[in-house]
Undergrad: 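Handing you a structure now.
Given the structure is predicted, the values throughout are model-derived calculations rather than measurements. The chain is numbered in sequence order, starting from 1.
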Amino acid sequence: MNLNISNSAKMAIFIGLGLLCLTPYISSPIALILGFILANLGLIPSQINLGDITKKLLAYSIIGLGFGIHLDVAINATKQGLPLIVGSIFSTLILGYIITRALKLDTKTGHLISAGTSICGGSAIAAVAPAINAKNDQIAIALASIFVLNSIALFLFPTLGHLLNMSQHDFGVWCAIAIHDTSSVVGASSAYGSEALVTATTIKLARALWIVPVALISAIAFGGNKKKITIPFFIVFYCLAIVFAHFVPQGEPIYHGIFEFAKRTLVLCLFFIGGGITIAKMKATGPKPMILAIILWVFIATASLFYILH
């Protein structure tokens, strides 16, 4: 469906909604949906190259998020939960690769879904996407699959935690491992209790550090030129942001501002990404991405729960 309006009117609508995505009133899933709606109504201005803009903004957003990860807290949490963190990440990535091949799903789309499931949802997808030169529709499909499951987890996990009579600590660990995005982890764990919130947030931040090695491995696997591997610049600066914020704590108010703004620009990225996908493209892709996402989510949720309870 295409609305017959001028390109200047399309630009005004596009810019207006883009600015709205920078406010706290628009969440990540809503931003993606808004972009998706514009794309399907034919309201994306023709002169805007969403692909180039999105990849650059994604990279800068990831660097900004680095200022919100506390190095000492992440290291301590990693030491305590290292077996579960490493085991769940790489077993999910390996299973994702196997299922992607079995489903004959697009390799990059499958890898993005696997990365998002194994680490931290949209942030991991945003970090890995430029490392493997993923296209906008591949990113959008992966994000859409992850966001649907995130929304379900926000309500499902607290209910299951109470049914299983899980302790605050155990539930916090489970949330950090089995729920994709940090926002949903915080939402689900805070609904369960304050101790669960602290545990979940700490472990999730430690888990998020694995964006770097996974993105590096992804860059090697999809880069093509194995003799000369170029590390994506945003990964280097992401690490530097974490280290700098740790050793120069005087700038904490500034770091907090950068971190909060980066979260909003990441939402804007999702608006742009949504603008690159249409119903026609989703129909062409088929149900395979969601099938992969569900299988991986069930695997990581049940496996981590078994590990925690036993």
Undergrad: Checking the side chain of S184 only, and the main-chain atoms of H180 only, is there a donor and an acceptor separated by less than 3.5 Å?
TA: no
Undergrad: Is there a continuous path of hydrophobic side-chain contacts, each under 4.5 Å between heavy atoms, that joins V248 to F237?
TA: no
Undergrad: What's the separation between atom CG in L305 and atom CZ in F157, rounded to the nearest 0.5 Å?
TA: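 Rounded to the nearest 0.5 Å, the CG-CZ separation comes to 8.5 Å.
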Undergrad: Check A115 against V128 and note the closest heavy-atom contact, atom names and distance.
TA: CB-CG2, 4.0 Å
Undergrad: So, taking the atom named OG1 in T92 and the one named CD1 in I177, what distance separates them when rounded to the nearest 0.5 Å?
TA: 9.5 Å
Undergrad: Mark yes or no for whether K288, through its side chain, and L103, through its backbone, hold a donor-acceptor pair below 3.5 Å.
TA: yes
Undergrad: Can you find a pair of side-chain heavy atoms, one from S88 and one from S304, that are under 4.5 Å apart?
TA: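 No. Closest side-chain heavy atoms not under 4.5 Å.
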Undergrad: Would F299 and S91 satisfy side-chain contact (heavy atoms from CB on, under 4.5 Å), going step by step from the backbone distance to the final call?
TA: CA-CA 9 Å; F299 165 75; S91 61; 3.6 Å; yes
Undergrad: Hey, quick one: are F171 and F155 part of the same hydrophobic cluster, counting side-chain heavy atoms closer than 4.5 Å, chains of contacts allowed?
TA: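 F171 does not cluster with F155.
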Undergrad: Any side-chain to backbone donor/acceptor pair from H256 onto E252? Under 3.5 Å, distance only.
TA: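 It does not hold such a pair.
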Undergrad: Answer yes or no: is there a side-chain heavy-atom contact under 4.5 Å between Y60 and T265?
TA: no
Undergrad: Could you state the interatomic distance from CH2 (W210) to CD1 (I85), rounded to the nearest 0.5 Å?
TA: 8.0 Å
Undergrad: Which pair of heavy atoms, one from I44 and one from G275, lies closest together, and at what distance?
TA: CG1-O, 3.8 Å
Undergrad: Please tell me whether M290 and L154 are part of a single hydrophobic cluster in this structure, the criterion being side-chain heavy atoms less than 4.5 Å apart.
TA: no
Undergrad: Looking at every non-hydrogen atom in both residues, tell me the closest pair between G274 and A39 and how far apart they are.
TA: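 Of all heavy-atom pairs spanning G274 and A39, the closest is O-CB, 4.0 Å.
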Undergrad: Is a side-chain N or O of R207 found less than 3.5 angstrom from the main chain of S118, in a donor-acceptor match?
TA: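 Checked: pair present.
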Undergrad: R264 vs S61, test: side-chain hydrogen bond (donor to acceptor under 3.5 Å, both in side chains). Steps then yes/no.
TA: CA-CA 9 Å; R264 298 316 309 171; S61 297; over 6 Å; no
Undergrad: Ring centres under 6.0 Å, that's the criterion: do Y238 and F67 meet it?
TA: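 Not close enough - the centres of the two rings lie 6.0 Å or further apart.
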Undergrad: Provide the closest heavy-atom pair for G116 versus I146 in the form atom of the first, atom of the second, distance.
TA: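 Closest heavy-atom pair between G116 and I146: C-CD1, 4.2 Å.
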Undergrad: Could you please spell out the steps behind the side-chain contact (heavy atoms from CB on, under 4.5 Å) verdict for Q168 and T199?
TA: CA-CA 8 Å; Q168 293 276 320; T199 302; over 6 Å; no
Undergrad: Is there a path of hydrophobic side-chain contacts, each under 4.5 Å between heavy atoms of I/L/V/M/F/W/Y residues, joining L156 to V148?
TA: yes
Undergrad: Flag the pair T109 / I139 as yes when at least one side-chain heavy-atom distance between them is below 4.5 Å, and no otherwise.
TA: no
Undergrad: Just verifying a value: how many Å separate I53 CD1 and L57 CG, rounded to the nearest 0.5 Å?
TA: 9.0 Å
Undergrad: Give a yes or no on whether the backbone of F36 and the side-chain of N40 come within a donor-acceptor separation of less than 3.5 Å.
TA: yes
Undergrad: For the pair N150 (side chain) and D181 (backbone), establish whether a donor and an acceptor sit closer than 3.5 Å, ignoring hydrogens and angles.
TA: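 Answer holds: yes.
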Undergrad: Look at atom CG of L240 and say whether more than 12 heavy atoms of other residues, nucleotides or ligands are closer to it than 6.0 Å.
TA: yes
Undergrad: Side-chain contact, heavy-atom cut-off 4.5 Å: Y97 with I94?
TA: no
Undergrad: Taking the side chain as every heavy atom from C-beta outward, state whether I300 and T117 have any atom pair closer than 4.5 Å.
TA: yes
Undergrad: Is the side chain of K108 donor-acceptor paired with the backbone N or O of I132 at a distance under 3.5 Å, no angle test?
TA: yes
Undergrad: List the atom of A178, the atom of W297, and the distance in Å for their closest heavy-atom pair.
TA: O-NE1, 3.0 Å
Undergrad: Identify the residue among N133, D106, T107 that makes a side-chain hydrogen bond (donor to acceptor under 3.5 Å, both in side chains) with Q138.
TA: D106
Undergrad: Would you mind reporting whether L268 and F272 have side-chain heavy atoms less than 4.5 Å apart?
TA: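 Yes - at least one pair of side-chain heavy atoms lies under 4.5 Å apart.
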Undergrad: Following the transitive rule for hydrophobic clusters with a side-chain heavy-atom cut-off under 4.5 Å over Ile, Leu, Val, Met, Phe, Trp and Tyr, establish whether L266 and I258 coincide in one cluster.
TA: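 Not linked; separate clusters.
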Undergrad: Check the orientation of Y255 and F244. Use parallel for under 30°, tilted for 30 to 60°, and perpendicular for over 60°.
TA: perpendicular
Undergrad: For the residue pair F222 and H111, does the interplanar ring angle fall in the parallel (under 30°), tilted (30 to 60°) or perpendicular (over 60°) class?
TA: tilted
Undergrad: Would you confirm whether the ring centroid of Y192 sits within less than 6.0 angstrom of the ring centroid of H162?
TA: yes
Undergrad: When you compare the side chain of W174 with that of L160, does any pair of heavy atoms fall below 4.5 Å?
TA: yes
Undergrad: Nearest 0.5 angstrom please: K10 NZ to S46 OG, how far?
TA: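 Rounded to the nearest 0.5 Å, the NZ-OG separation comes to 7.0 Å.
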Undergrad: Taking atom OG of S218 and atom CG of L93, what is their separation to the nearest 0.5 Å?
TA: 7.5 Å
Undergrad: Take I26 and L17 through the test side-chain contact (heavy atoms from CB on, under 4.5 Å) and record every step on the way to the result.
TA: CA-CA 10 Å; I26 303 297; L17 289 177; over 6 Å; no
Undergrad: Ignoring hydrogens, what is the shortest heavy-atom contact between L112 and A142? Give both atom names and the distance.
TA: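 Reported closest heavy-atom pair: CB-CB, 3.7 Å.
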Undergrad: Are more than 12 heavy atoms, taken from residues, nucleotides or ligands other than N49, located less than 6.0 Å from that residue's CG atom?
TA: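 Counting neighbours around CG of N49, more than 12 heavy atoms of other residues, nucleotides or ligands fall under 6.0 Å, so yes.
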Undergrad: Is there a side-chain contact between I5 and L43, using heavy atoms and a 4.5 Å cut-off?
TA: yes
Undergrad: Using a 3.5 Å distance criterion without hydrogens, assess whether the side chain of K204 forms a donor-acceptor pair with backbone atoms of I179.
TA: yes
